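Shown next, in structure tokens, is the structure this report addresses.
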Amino acid sequence: KQEVTQIPAALSVPEGENLVLNCSFTDSAIYNLQWFRQDPGKGLTSLLLIQSSQREQTSGRLNASLDKSSGRSTLYIAASQPGDSATYLCAVMGGGSRLTFGEGTQLTVNP
Amino acid sequence: GAVVSQHPSWVICKSGTSVKIECRSLDFQATTMFWYRQFPKQSLMLMATSNEGSKATYEQGVEKDKFLINHASLTLSTLTVTSAHPEDSSFYICSAGPRTSGTDEQFFGPGTRLTVL
């Protein structure tokens, strides 16, 4: 059974800092890995999707990497802003297009 | 493109009543739709997977007679919570995908907040 772990569970940083969120998964037989953002009481916003054959994806200040063989992914956020405050979820897709989510990292960026 | 809607966005009901939640893919056809539940401060847990025209596949521990799923078309799936109780209060999120043509990405609805009194 796939298990996804995210570290840290919570993170508080001052504005402008670069930061890294970590995600690990136990079964490397995945089709893709996706990072989402969730604001309180809201649905999911897809940030980046990395196919299993890819190593990284970039969008603006966000960069996600994938090391499938070691079961790890990182989400790098450059020059963090208060508007980046949210919960970040990592999810891996296995057979049957089923997504398994991590518990999330709650990020607070202080002005 | 790839927009998924849910209706209603929130609902409050009395214990013992049934509640229906709709999930629609607005601008694409999806081979599969998924239903998730999220309790406060927790992550999303997959409840069931449904394919158009066939019975849903439920995850272990999810009561199929309590959470009825109907997937009538490639753009519409419904989740009915029957005889709802306070412990069913949660945030229900659907996703659709992959598209019948394109990548294997899933697209998520905005969620439905269910409160059972």
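Quick caveat: nothing in here was measured; it's all calculated off a predicted structure. Lettering follows sequence order; numbering is per chain, from 1.
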Proximity of B/Tyr36 and B/Phe91 rings by center, below 6.0 Å
no
Which answer fits B/Leu44, side chain, backbone, both or neither, if we ask what part of it has an atom under 4.5 Å from a heavy atom of chain A?
both
Where does B/Glu59 contact chain A at under 4.5 Å (heavy atoms): side chain, backbone, both or neither?
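Only the side chain of B/Glu59 comes within 4.5 Å of chain A.
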A/Leu99, A/Asn32, A/Thr100, A/Leu89: which one forms the most heavy-atom pairs within less than 4.5 Å of chain B?
A/Leu99
Charged N to carboxylate O below 4.0 Å: is that the case for B/Glu22 and B/Lys20?
no
Pairing of A/Arg61 and A/Asp84 as salt bridge, 4.0 angstrom limit:
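Looking at A/Arg61 and A/Asp84, the cut-off is met.
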Would you call B/Phe107 and B/Val3 a side-chain contact if the rule is heavy atoms closer than 4.5 Å?
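No, side chains not in contact.
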Report yes or no: do B/Leu76 and B/Val4 belong to one cluster of Ile/Leu/Val/Met/Phe/Trp/Tyr joined by side chain heavy-atom distances under 4.5 Å?
no
Note: vs chain A, highest number of non-hydrogen pairs under 4.5 angstrom among B/Gln38, B/Met45, B/Arg113, B/Lys41 is B/Gln38
Side chain, backbone, both or neither: which part of A/Gln34 has a non-hydrogen atom closer than 4.5 Å to chain B?
side chain
